[in-house]
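Both counts, for ligands and for their atoms, begin at 1 and track the order of listing.
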Amino acid sequence: MTIQENFVPAAPADIAESPELAALRKRVREVLSEHVTPERLNKFDEAEEYDVELFREIAAAGLLKLDGELHGPGPKHQSQAVVLEELGAGPTSVGVSMVVQYMGVQLLHSYGTGEQQNEFLAPLHAGKAKMSFGLSEPDGGTDVARAMKTRATLLEDGSYSISGQKKWIGGAMDADYLILLARTSEVARSAIDGITMFLVPRSMPGIRTDVIDTMGIRGLAQYDVFLDDVRVPAANVLGEVDNGFRQVLNTLNGERLNGAAVALGIARGAMETAIGWAQQRHAFGRAVGSFQGLQHNLVDASVKIESARLLLRQAAEASDTGPSTNETWSAMAKLAASDAATTTTDVGMRIMAGWGFFRGLPMQRYFRDARLYTFAPLTDEMTRNYIGEKHLGLPRSF
Ligand SMILES: Cc1cc2nc3c(=O)[nH]c(=O)nc-3n(C[C@H](O)[C@H](O)[C@H](O)COP(=O)(O)OP(=O)(O)OC[C@H]3O[C@@H](n4cnc5c(N)ncnc54)[C@H](O)[C@@H]3O)c2cc1C
């Protein structure tokens, strides 16, 4: 029997997905199959350009607002995960930009005032505005609160002056708004206190963005954002003064889930490409997928993919339905999905051998893009620290 006869394509919608989520997945696939071709994906990656038209199509299909309400709860984690897995498997860079949009949406749902929701959230929901999120700094992303040099100083007229530098900020130049974190108090109880979130229009005087040359996610540029005496009214503080970092940490559960979803999508896209290649490429008169060494690698990768899928589904459902969000499941899902993505893309590169290197085929893109979720939004090492402490009850390791 050949691998062709045995092969059942990955069909996540068949695995006990609720009718609502299955319908959403179908809708996302319809939007993507209408607008996305391999040539288009390759073109934007090679040109290192953001596919803003595709972003608009996705927003127009209601995939940013999803089941969220303007002045009510945000979109469900399960819905976001479905959209992001599908984007991860195809236009990965647009998927990464959607993770940032969903984060902005979530922060505004959680901490925005009614006025802020009208001004910033409504255009975000409609895809009429884009958001970037600026936390990381040159001296550190993991221990960013201690490394933070960006300062916001309260002025006599009640406004703030922000100066400093943010690093690796995805899509910053094309964003309409930035959510930025800056230190507002030097006498805080701990390093993670005394930091405030600000909503900053990107066009404000004093903001300069310089593109950073990166190896992956090339369809969404990352930027150094330089802030020089950027004047922001107090009405643009998002959430509580001096409590912004803790408020961001409270939404990190959603970031882990969404990072896991894109990584799972990358793994699935790479697996589908690898299986197609394994069936069609021949050596010694047989499909290369008939060689046991290659089959076993594919099998091990597919076990990682399905394990990550089940963890993600369980974690997203728990986060939506409670009673507790069970953040350790979300952390495990992120770790499992990052492992599935790096393993599957490595296996895919081996199976395609020289053709894996070819820029005209997608495996090298998946291989490069998969690296992102080994360290974002939280590094795998910090994720392990979290699971060790919270799930296994071991002493904090740092
Ligand atoms: C493509 C891309 C897009 C990004 N988008 C954004 C964005 O939109 N907004 C934003 O704010 N940031 C963004 N980032 C930044 C990203 O979040 C950081 O790179 C990430 O948080 C890690 O920080 P770092 O790179 O400074 O690594 P570091 O903090 O310098 O870590 C270096 C190493 O030390 C390890 N380490 C540190 N502490 C511990 C510990 N206690 N135990 C074990 N190991 C430890 C880390 O795991 C890592 O392996 C992006 C980065 C990239 C490359």
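- Side-chain contact, Thr273 with Tyr366: no donor N or O sits under 3.5 Å from an acceptor N or O.
- When only interatomic distances are considered, the shortest N/O to N/O separation between Glu381 and ligand 1 falls below 3.5 Å.
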Working for side-chain hydrogen bond (donor to acceptor under 3.5 Å, both in side chains), residues Thr374 and Asp380 = CA-CA 5 Å; Thr374 63; Asp380 281 351; 5.2 Å; no
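- By the 3.5 Å distance cut-off applied to N or O atoms, Ile169 is not counted among the residues near ligand 1.
- The two residues Leu84 and Gly95 have their closest heavy-atom pair at CD2-O, 3.5 Å.
- For Leu135, a nitrogen or oxygen atom sits less than 3.5 Å from a nitrogen or oxygen atom of ligand 1, counting backbone and side chain alike.
- For Arg246, the CZ atom sits in a packed shell: over 12 heavy atoms of surrounding residues, nucleotides or ligands are nearer than 6.0 Å.
- Between Asp143 and ligand 1, a contact under 3.5 Å exists for no N or O pair.
- Summary of contacts: the protein heavy atom closest to atom 5 (N) of ligand 1 is Trp168 O, 3.0 Å.
- Residue, atom and distance of the protein heavy atom nearest to atom 18 (C) of ligand 1 are Ser136 OG, 4.0 Å.
- Inspection of the Ser132 and Arg202 side chains reveals no N or O donor paired with an N or O acceptor under 3.5 Å.
- Salt bridge Arg268/Glu86: present, at least one basic N to carboxylate O contact under 4.0 Å.
- Close N/O approach between Phe398 and ligand 1 is not found [any backbone or side-chain N/O within under 3.5 Å].
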Check the pair Thr383, Arg256 against side-chain hydrogen bond (donor to acceptor under 3.5 Å, both in side chains), reporting the backbone distance first and the verdict last.
-> CA-CA 9 Å; Thr383 309; Arg256 292 192 193 107; 5.6 Å; no
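- Protein heavy atom closest to atom 8 (O) of ligand 1, with residue, atom name and distance, is Gly170 N, 3.1 Å.
- Distance check for atom 32 (C) of ligand 1: every protein heavy atom is found at 4.0 Å or beyond.
- The nearest protein heavy atom to atom 44 (N) of ligand 1 is closer than 4.0 Å.
- Remark: the Gln247 side chain and the Ser110 side chain contain no N/O donor-acceptor pair separated by less than 3.5 Å.
- A salt bridge is absent between Arg27 and Glu30: the closest approach of a Lys/Arg side-chain nitrogen to an acidic carboxylate oxygen does not fall below 4.0 angstrom.
- Each ring pair (Phe, Tyr, Trp, His ring centres under 6.0 Å) pair with one or both residues in residues 177-206, not counting sequence neighbours, appears once here: Phe120-Tyr177, Tyr160-Phe198.
- At least one protein heavy atom sits closer than 4.0 Å to atom 15 (C) of ligand 1.
- Taking every heavy atom of Thr379 and a limit of under 4.0 angstrom, the matching atoms of ligand 1 come to 22 (C), 46 (C), 47 (O).
- Within a 4.0 Å radius of atom 29 (O) of ligand 1, the protein contributes one or more non-hydrogen atoms.
- Annotation: atom 20 (C) of ligand 1 to nearest protein heavy atom, Phe375 O, 3.5 Å.
- Polar contact check, Gly134 against ligand 1: no nitrogen or oxygen pair lies under 3.5 Å apart.
- Contacts between Leu372 and ligand 1, counted as non-hydrogen atom pairs separated by less than 4.0 Å, involve the side chain only.
- Set against the non-hydrogen atoms of Met382, the atoms of ligand 1 under 4.0 Å away are 39 (C), 40 (C), 41 (N).
- A perpendicular orientation is assigned to the rings of Phe284 and Phe291, their planes being inclined by more than 60° (bins at 30° and 60°).
- Taking 4.0 Å as the cut-off, Asn385 counts as a neighbour of ligand 1 on heavy-atom distance.
- One finds a salt bridge joining Arg25 and Glu17 here, because a Lys/Arg side-chain nitrogen approaches an Asp/Glu carboxylate oxygen to under 4.0 Å.
- The nearest heavy-atom contact from the protein to atom 38 (N) of ligand 1 is Thr142 CG2, 3.7 Å.
- For Lys76, the NZ atom sits in a loose shell: 12 or fewer heavy atoms of surrounding residues, nucleotides or ligands are nearer than 6.0 Å.
- In terms of polar-atom proximity, defined here as any N/O pair under 3.5 Å, Gln222 makes no such contact with ligand 1.
- Using a 4.0 Å cut-off to heavy atoms of Gly140, the atoms of ligand 1 that qualify are 26 (O).
- In the vicinity of Phe133, heavy-atom distances shorter than 4.0 Å reach the ligand 1 atoms 7 (C), 8 (O), 9 (N), 10 (C), 11 (O).
- Taking the side chain to side chain donor-acceptor pair (under 3.5 Å) definition, one finds that Arg368 meets it with Asp45, Gln364, sequence neighbours left out.
- Here the heavy atom of the protein found nearest to atom 26 (O) of ligand 1 is Gly141 N, 2.8 Å.
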